[in-house]
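Some notes on the structure that comes next.
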Amino acid sequence: MLHRALPRRPEARRILVGTLLSAVGRGLTLPFLFIYLADVRGLTDARAGLVIGWYGAVTLALSPLGGTLIDRFGARRVVLPCLVIEAIGTGSLALVDSTASAFGVMTLVAVGSSAIWSGQTTILASLTDDDERQRVFGLNFALLNLGIGIGGLTSGAIVDTARPATFQLIYLLDAISYLMPALILLSLPTVGHRLAGAGRSTGRGSAGGYLAVLRDRPFRRLVIFGLVLTTCGYAQIEVGFTAYAVRVVEVTPRVVAWALAGNTVMIVLAQLVVLRRLEGRSRTASLAVVGAVFASAWLVLGAAGLVGPGNALLAALGVVACAAIFGFGETMLSPVMPALTNALATDELRGRYNAISSMIFGISGVIGPVTAGPLIGMADGRIWVVCVVGGCLTASVVALSLRRLLTPLQDGRTTTLTPSAEPVPAPA
């Protein structure tokens, strides 16, 4: 299954190696930024939260510019400097000693990260054919989670709030990890350039910009689906899931940590199996199933809240099961969403399509945490459970309504015959 999921072109395989290496570095630092700023560098909780929120706001604001630059100059010329800026910014976190320096460094990190995801997705799409993109994007997501898991386990054994040098070490290692995909891209001089004559062949020049992208009715519907699903899904993991598990279900933070580990294990183990099952199936139907799976995960968490402290073991199992079920849904969303985005995109606007797709997570990342706190405080969290379950099911309905706007090829119900494929004999 791994061999089947690998892209045909060796350049794409090397890009995936870069994803894994940088993900290990990201996993080293991902869970610890708030703790580092507040407990190690002495910022108040409020100021540390503002610094992290500022990073998200700057990244979101610069993402459209990143998409425009990718289309105009090619992903290579945008991703390479962004990776270097990200490495410098991440490494500089080791030197933060005040609120002002934290804001300055996180601004630098945000500038670097604003176009990396959309640029790397554009590069990967340019190196793969439509019939293999879904598998490759799924494998990319599995490698991303595998790397984050390895990094998280490693840093968990290293960091100590009583020893600031341990945090400085992991931020320097994270900075080095961002240079790995940059070196790989430098070793591929023909990869990531703007396609010559893009726009003339289709009659849709890049002059249309984001207006041309937003006039794409199927893509608008896909964006609506993504906003609803991620606001009620991904955006709830960091705040809603954790707060409900600790305050309503009354499990310990260690149980939450095990649940998130179970989420990663589910993704890594199930991704290749799911990729094989998704082949030749409707992408919109798969997205609708994702909404139903996410809703099921939140229902399990809601049931754990009803059990509560009366049965600690059953409540803990419910929290872990919620994260694992959610991870199974992620294995379907991660290959289908980018594959459908790039099936709708044209070469001259591909950077903008991927930029908007990445902005979905940024926007929902602002809405989700802001709404989760008040909702969990109402009616012992039941209002929050109803809202996120209803939102995920609404996303499923939006996904099903998208099918009639797509061709069978865009929906994944049929694939183009590639030169390497065996011809299919006509039926008698």
Side-chain angles (χ1 to χ4, degrees), residues 7-23 26 59-60 62-87 109-130 132-133 136-137 139-141 143-144 177-202 204-210 212-213 219 334 337-362:
R8 300 186 187 100
R9 295 182 60 174
E11 298 96 327
R13 298 184 182 189
R14 291 167 70 176
I15 295 295
L16 291 177
V17 173
T19 296
L20 176 61
L21 294 176
S22 63
R26 185 182 179 191
T59 303
L60 183 60
L62 293 179
S63 292
L65 176 61
T68 300
L69 294 176
I70 289 168
D71 288 332
R72 182 168 298 177
F73 301 107
R76 181 187 188 85
R77 294 183 178 181
V78 177
V79 172
L80 277 174
C82 282
L83 287 169
V84 174
I85 293 172
E86 182 85 0
V109 174
V111 171
S113 62
S114 61
I116 289 178
W117 182 256
S118 56
Q120 290 181 328
T121 302
T122 301
I123 291 173
L124 204 54
S126 70
L127 294 173
T128 53
D129 297 321
D130 188 66
E132 62 174 339
R133 278 180 190 153
V136 173
F137 283 130
L139 179 59
N140 185 66
F141 183 71
L143 292 174
L144 178 67
S177 76
Y178 277 106
L179 297 177
M180 297 298 103
L183 293 175
I184 290 174
L185 192 54
L186 284 173
S187 71
L188 302 171
T190 61
V191 170
H193 295 286
R194 183 175 182 269
L195 294 179
R200 290 195 293 269
S201 61
T202 60
R204 293 177 58 190
S206 60
Y210 282 104
V213 177
F219 185 65
S334 61
M337 188 79 174
L340 184 51
T341 297
N342 283 277
L344 294 171
T346 57
D347 285 333
E348 68 273 16
L349 294 172
R350 196 172 299 280
R352 290 178 174 89
Y353 272 86
N354 284 306
I356 291 180
S357 185
S358 67
M359 286 173 63
I360 290 172
F361 294 90

Under the 3.5 angstrom rule, does the side chain of Ser187 hit a backbone N or O of Ile184 as a donor-acceptor pair? yes
Please report the closest heavy-atom contact between Asn342 and Ala125, naming both atoms and the distance. OD1-CB, 3.3 Å
Please name the pair of heavy atoms, one in Thr341 and one in Phe219, separated by the smallest distance, quoted to 0.1 Å. CG2-CE1, 3.8 Å
Could you check whether any side-chain N or O of Glu86 sits under 3.5 Å from a backbone N or O of Ser113, counting only pairs where one atom can act as donor and the other as acceptor? yes
Looking at CZ of Arg9 and CG of Asp129, how far apart are the two atoms once the value is rounded to the nearest 0.5 Å? 8.5 Å
Measure the CD1-OG1 distance between Ile116 and Thr121 for me, rounded to the nearest 0.5 Å. 11.5 Å
Salt bridge (Lys or Arg N to Asp or Glu O under 4.0 Å) against Arg77, all qualifying residues, sequence neighbours excluded: none
Where Leu144 and Ala23 come nearest, the two heavy atoms and their spacing: O-CB, 3.4 Å
Which of Leu124, Ile15, Leu16 passes side-chain contact (heavy atoms from CB on, under 4.5 Å) with Pro7? It is Leu16
For Pro64, check side chain to side chain contact (heavy atoms under 4.5 Å, CB included) against everything at least two apart and list the hits. Tyr210, Met359
Could you give the distance from CD (Glu132) to CG (Leu127), rounded to the nearest 0.5 Å? 9.5 Å
Using every non-hydrogen atom in the two residues, find where Cys82 and Ala115 come nearest and quote the distance to one decimal. SG-CB, 4.1 Å
Separation between CG of Asn354 and CD of Gln120, rounded to the nearest 0.5 Å: 11.5 Å
Heavy-atom closest pair (Ser334 atom, Phe137 atom, distance to 0.1 Å) is O-CB, 4.0 Å
dist Thr122:OG1 -> Asp347:CG (nearest 0.5 Å) comes out at 10.0 Å
Ile360 side chain reached by Met337 side chain, heavy atoms, under 4.5 Å: yes
Looking at Ser114 and Ser118, what are the two nearest heavy atoms and their distance? O-OG, 4.5 Å
Could you check whether any side-chain N or O of Arg133 sits under 3.5 Å from a backbone N or O of Ala343, counting only pairs where one atom can act as donor and the other as acceptor? no
Is Ser63 reaching over with its side chain to a backbone N or O of Thr59, donor-acceptor style, under 3.5 angstrom? yes
Just by distance, do the side chain of Arg8 and the backbone of Thr128 share a donor-acceptor pair under 3.5 Å? no
Between Asp71 (side chain only) and Arg352 (backbone N and O only), is there a donor and an acceptor less than 3.5 Å apart? yes
Can you tell me how far apart CD1 (Ile123) and NE2 (His193) are? Round to the nearest 0.5 Å. 9.5 Å
